[in-house]
Amino acid sequence: MKKSKRKLYEGEVLKDYRELVNRYKSRYANNVAFEYRHDVHDEKTIKVTYAEFANDIEALGSSLLTLNMENKRVAIIAPNRYEWCVSYLAVGTSGLTVVPLDKSLPDNEIESLIIRSKVDTVIFDKKYSEVFKKINQEKKSSLKYYICMDDTDGFIKYSEILSKGRELLLVDNNEYNNVQINPDEISIILFTSGTTSIAKAVALSQSNICADVTALSQIAKIYETDRFLSFLPLHHTFESTTTFLYGTSCGITIVFCDGLKYIQRNLKEFNITGFVCVPLMLEIMYKKMMKTIEEQGKTKLVNTMRKITRGLLKVKIDVRKKVFKQIFESLGPNLRMFISGGAAISKEAIKAFRDIGINLLQGYGLTETSPVLAGENDVYKRDGSVGFALPGIDIKIDKPNSEGIGEIIAKGPVVMHKYLDNEEATNEVLKDGWFHTGDLGKFDKDGFLFITGRKKYVIVLKNGKNIFPEELEILINQLGYVSESMVYGKPDKDDDLTICAKIVYNAEEMEKLYPNKSKEEYHDIVWQDIRNNINKQMPAYKYIREIIVTDEPLIKTTTQKVKREAEMKKIFGN
């Protein structure tokens with residue numbers, strides 16, 4: 001059992017969302033909480049202070065409490081924007097239950113989850129106007145109140161309900177002021193990734209989320225002067241807990257990204273110091289960085305300087321920002337921190353970012369654990385690991401094999417209450433107070449946790465050998481032209497499994513490397529690299545025997561995790 005004692009910072013206990021909003025008013029009132037554009041082409045940006053943010057939260061909360069809600073549940077669906085953050089905390093500080101919905105869901109799934117979650121009210125971006133008009137007409141759900149953030153006709157106007165709330169705040173007996181929050185009650189309902197028929201409704205309390213924010217404050221230091229770029233979807237706990245809630249608890253400025261294709265521009269123009277991301281993005285940044293260095297003929301020089309600066313760090317001399325100034329100018333001159341989670345990242349990328357002076361911290365967790373269970377910090381890091389158990393959290397490996405690999409299970413204040421209306425699924429994962437993650441991993445001798453794969457995706461051969469797809473995928477993704485890959489087992493005639501890989505190449509990069517080649521010839525090029533560069537690193541039972549080569553992206557969730565079941569259906573046609 002691993003319960004971390006590696007608490008680097010004193011941190012601060014956060015009990016509930018009311019306490020968080022009070023912190024905005026008492027400590028950070030004049031700090032800029034958010035900066036964003038309404039439109040990517042706007043020259044001027046909008047800046048909102050923490051005092052204004054807190055006032056909007058309290059005003060919206062006051063108005064919501066005047067609505068006659070039966071189930072007291074409020075859904076929110078929108079791209080990342082200021083009104084999403086106001087709405088989330090307004091619901092939470094009003095003693096109501098918030099139901100954040102995935103902004104990328106198709107209309108039929110939005111309708112299904114609205115019905116399943118039994119929400120009374122929905123607050124939404126104008127892009128969802130048509131689906132909510134349809135839901136309103138069909139009268140299949142318990143929805144009574146439709147609040148549009150963009151003041152679209154036919155719905156309650158967000159601006160009007162906010163104005164009404166500001167008037168209510170001036171009244172002494174305003175119901176909002178008298179709300180008593182019970183942080184241990186279920187007040188957040190989150191749907192896991194997947195189709196509506198299998199998506200589970202994770203029931204969390206404010207004490208779950210706040211326990212995670214408290215633990216993060218003890219291992220990852222961020223400052224009032226930090227400026228974080230927000231581009232992962234806010235409905236997902238990784239972004240909402242880490243960037244939004246933990247970030248604002250420290251008084252940072254959150255900048256909403258203009259769009260994925262504008263990330264590089266935003267990093268520079270907004271003087272971004274850090275962001276929370278998934279490994280896929282870091283791998284892309286790493287490949288671009290190394291490609292630029294190679295094209296400039298500076299690979300040998302940069303590698304030499306990386307070794308020198310690494311050596312100087314051992315005697316506490318840090319000159320990385322000066323030595324690699326040119327690289328920082330291209331990435332973002334003020335970058336200092338990446339927080340990565342959700343999947344594995346190659347050791348090469350980790351080492352490269354750390355060598356040039358960016359503090360890359362990896363973490364691990366699930367929606368059901370609010371979400372972060374383990375993470376690295378400024379001092380305790382190990383390439384390839386996801387760090388150690390956060391303070392206050394127990395992690396152990398259940399039924400480890402001879403290599404120490406087994407299912408990761410966890411216990412602590414961050415673990416969910418249950419899956420809503422699904423006792424059977426709850427009992428499958430919650431046993432004697434331990435949450436069974438479904439992930440496989442192991443500890444090294446120093447207590448660092450390494451993820452080896454997802455339990456249900458392990459390929460078990462007839463001879464009993466286990467193959468972890470993620471291990472092979474990391475190697476494949478290191479090929480310069482590869483965007484992403486998925487390794488899987490295909491049943492063969494001997495009742496065994498053939499190891500296969502679906503490999504997505506970057507069309508632009510492939511054209512540069514191999515001009516005037518056909519797609520059929522691309523297949524042969526990739527196959528040669530698999531045979532000569534990947535298989536030769538592996539024992540024979542791990543050899544990749546068949547490949548599919550394409551430039552069509554894999555099916556993914558909004559947090560860029562590959563939907564393996566959907567891909568398998570696509571491959572096998574069932």
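- Formation of a donor-acceptor pair under 3.5 Å by the Glu484 side chain with backbone atoms of Leu554 is found in this model.
- His235 and Ser240 form no side-chain donor-acceptor contact under 3.5 Å, judged by distance and modelled atom types alone.
- For the pair Arg354 (side chain) and Asn359 (backbone), a donor-acceptor distance under 3.5 Å is absent.
- For the 3.5 Å distance criterion, the side chains of Tyr36 and Asn80 fail to qualify, holding no donor opposite an acceptor.
- Side chain to side chain, Glu10 and Gln218 fail the donor-acceptor criterion of an N or O pair below 3.5 Å.
- Leu361 approaches Ala220 most closely through the heavy-atom pair CD1-CB, 4.2 Å.
- Closest heavy-atom contact between Lys287 and Gly480: CD-O, 4.1 Å.
- Under a 4.0 Å N-O distance rule, the pair Lys103/Asp125 does not qualify as a salt bridge.
- Note on Glu368 versus Lys200: no salt bridge recorded, every NZ/NE/NH1/NH2 to OD/OE distance being 4.0 Å or above.
- Going from atom OG of Ser370 over to atom CD of Gln206 covers 11.5 Å, rounded to the nearest 0.5 Å.
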For this session: Check the pair Ser485, Asn477 against side chain to side chain donor-acceptor pair (under 3.5 Å), reporting the backbone distance first and the verdict last.
Result: CA-CA 7 Å; Ser485 63; Asn477 293 345; 2.8 Å; yes

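- Between the Asp102 side chain and the Ser104 main chain, a donor and an acceptor come within less than 3.5 Å of each other.
- Here the side chains of Ile451 and Leu440 are not in contact, with every heavy-atom distance at 4.5 Å or above.
- Within the 3.5 Å criterion, the main-chain N or O of Ser230 finds no donor-acceptor partner in the side chain of Thr243.
- Judged by distance alone, the side chain of Asp42 and the main-chain N or O of Asp39 form a donor-acceptor pair under 3.5 Å.
- Between Phe275 and Phe228, the ring centre distance reaches or exceeds 6.0 Å.
- The shortest distance between side-chain heavy atoms of Ile397 and Ile408 falls below 4.5 Å.
- A donor-acceptor pair under 3.5 Å is formed between the side chain of Asp318 and the backbone N or O of Arg320.
- Contact check for Thr93 versus Ile57: side-chain heavy atoms found under the 4.5 Å cut-off.
- The side chain to side chain donor-acceptor pair (under 3.5 Å) test applied to Ser249 returns no partner, not counting sequence neighbours.
- Salt-bridge formation is not detected for the pair Glu470/Arg454: no Lys NZ or Arg NE/NH1/NH2 atom is positioned less than 4.0 Å from an Asp or Glu carboxylate oxygen.
- Note on ring orientation: taking the six-membered ring where Trp is involved, the planes of Phe244 and Tyr88 are perpendicular (angle over 60°, cut-offs 30° and 60°).
- For Phe256 and Phe231, the distance between ring centers is not under 6.0 angstrom.
- Side chain of Glu295 to backbone of Thr292: no donor-acceptor contact under 3.5 angstrom is found.
- At least one test fails for Lys411 against the ring of Phe435: distance under 6.0 Å to the centre or angle within 45° of the axis.
- The CD atom of Glu473 sits 11.5 Å away from the CD1 atom of Ile534 when rounded to the nearest 0.5 Å.
- How far CG of Leu390 is from CD1 of Ile219: 4.0 Å, rounded to the nearest 0.5 Å.
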For this session: Carefully, step by step, assess Glu407 and Thr437 under the rule side chain to side chain donor-acceptor pair (under 3.5 Å).
Result: CA-CA 7 Å; Glu407 184 177 7; Thr437 67; 4.7 Å; no

Exercise. Could you go step by step and tell me if Asp529 and Tyr481 meet the side chain to side chain donor-acceptor pair (under 3.5 Å) rule?
Worked result: CA-CA 11 Å; Asp529 277 340; Tyr481 50 76; 2.6 Å; yes

For this session: Output, in order, the C-alpha distance, side-chain angles, deciding distance and verdict of side chain to side chain contact (heavy atoms under 4.5 Å, CB included) for Phe448 and Val386.
Result: CA-CA 7 Å; Phe448 283 92; Val386 292; over 6 Å; no

For this session: Report the C-alpha distance between Gln264 and Lys288 in whole Å, list the side-chain angles of each, state the deciding distance to 0.1 Å, and finish with yes or no for side chain to side chain donor-acceptor pair (under 3.5 Å).
Result: CA-CA 11 Å; Gln264 197 70 48; Lys288 281 185 178 178; 5.7 Å; no

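- Between Val415 and Asn208 there is no side-chain heavy-atom pair separated by less than 4.5 Å.
- Between atom CD of residue Glu35 and atom CG of residue Leu229 there is a gap of 11.0 Å, rounded to the nearest 0.5 Å.
- Salt-bridge formation is not detected for the pair Glu294/Lys300: no Lys NZ or Arg NE/NH1/NH2 atom is positioned less than 4.0 Å from an Asp or Glu carboxylate oxygen.
- Salt bridge annotation for Arg27-Glu12: present, with a cationic side-chain nitrogen under 4.0 angstrom from a carboxylate oxygen.
- With hydrogens and angles ignored, the 3.5 Å screen pairs a side-chain donor or acceptor of Ser330 with a backbone N or O of Ile327.
- Looking at heavy atoms from C-beta onward, Glu269 lies in side-chain contact with Asp258 at the 4.5 angstrom threshold.
- Salt bridge absent: Arg18 and Asp16 never bring a charged side-chain N and a carboxylate O closer than 4.0 Å.
- Looking only at side-chain heavy atoms (C-beta outward), Phe388 and Asp446 stay at 4.5 Å or farther from each other.
- In this structure, Arg564 satisfies the cation-pi test against Tyr457, with its NZ or CZ atom closer than 6.0 Å to the six-membered ring centre and inside 45 degrees of the ring normal.
- How far CG of Leu216 is from CG of Leu14: 11.0 Å, rounded to the nearest 0.5 Å.
- To the nearest 0.5 Å, the span separating OG1 on Thr273 from CE on Met337 amounts to 8.0 Å.
- Side-chain N or O atoms of Lys456 include none that pairs as donor or acceptor with a backbone N or O of Asp439 at under 3.5 Å.
- Under a 4.0 Å N-O distance rule, the pair Arg382/Glu376 does not qualify as a salt bridge.
- More than 12 heavy-atom neighbours from other residues, nucleotides or ligands sit within 6.0 angstrom of CD on Glu329.
- Between the side chains of Tyr9 and Asp378, a donor-acceptor pair is found at a separation under 3.5 Å.
- Other residues, nucleotides and ligands contribute at most 12 non-hydrogen atoms within 6.0 Å of the NZ atom of Lys442.
- If you check the side chains of Tyr246 and Ser217, you find no donor sitting under 3.5 Å from an acceptor.
- No more than 12 heavy atoms of other residues, nucleotides or ligands shown are found within 6.0 angstrom of NZ on Lys351.
- Ile339 and Thr242 get closest at one heavy-atom pair: CD1-CG2, 4.1 Å.
- No side-chain heavy atom of Phe34 sits under 4.5 Å from any side-chain heavy atom of Lys47.
- With a 6.0 Å radius and a threshold of 12 heavy atoms from other residues, nucleotides or ligands, Glu224 has its CD atom above the threshold.
- Side-chain atoms of Asp383 and Ser385, non-hydrogen and from C-beta on, never get closer than 4.5 Å to each other.
- Using a 4.0 Å cut-off between charged nitrogen and carboxylate oxygen, Arg306 and Asp355 count as a salt-bridge pair.
- A salt bridge links Glu471 and Lys542; the closest N-O separation between the charged side-chain nitrogens and carboxylate oxygens is under 4.0 Å.
- For the pair Asp226 (side chain) and Gly274 (backbone), a donor-acceptor distance under 3.5 Å is absent.
- Ring-centre distance between Phe443 and Phe450: not below the 6.0 Å cut-off.
- Each of Leu331, Thr309, Val302, Val323 was compared with Ile356 under the side chain to side chain contact (heavy atoms under 4.5 Å, CB included) criterion, and only Leu331 meets it.
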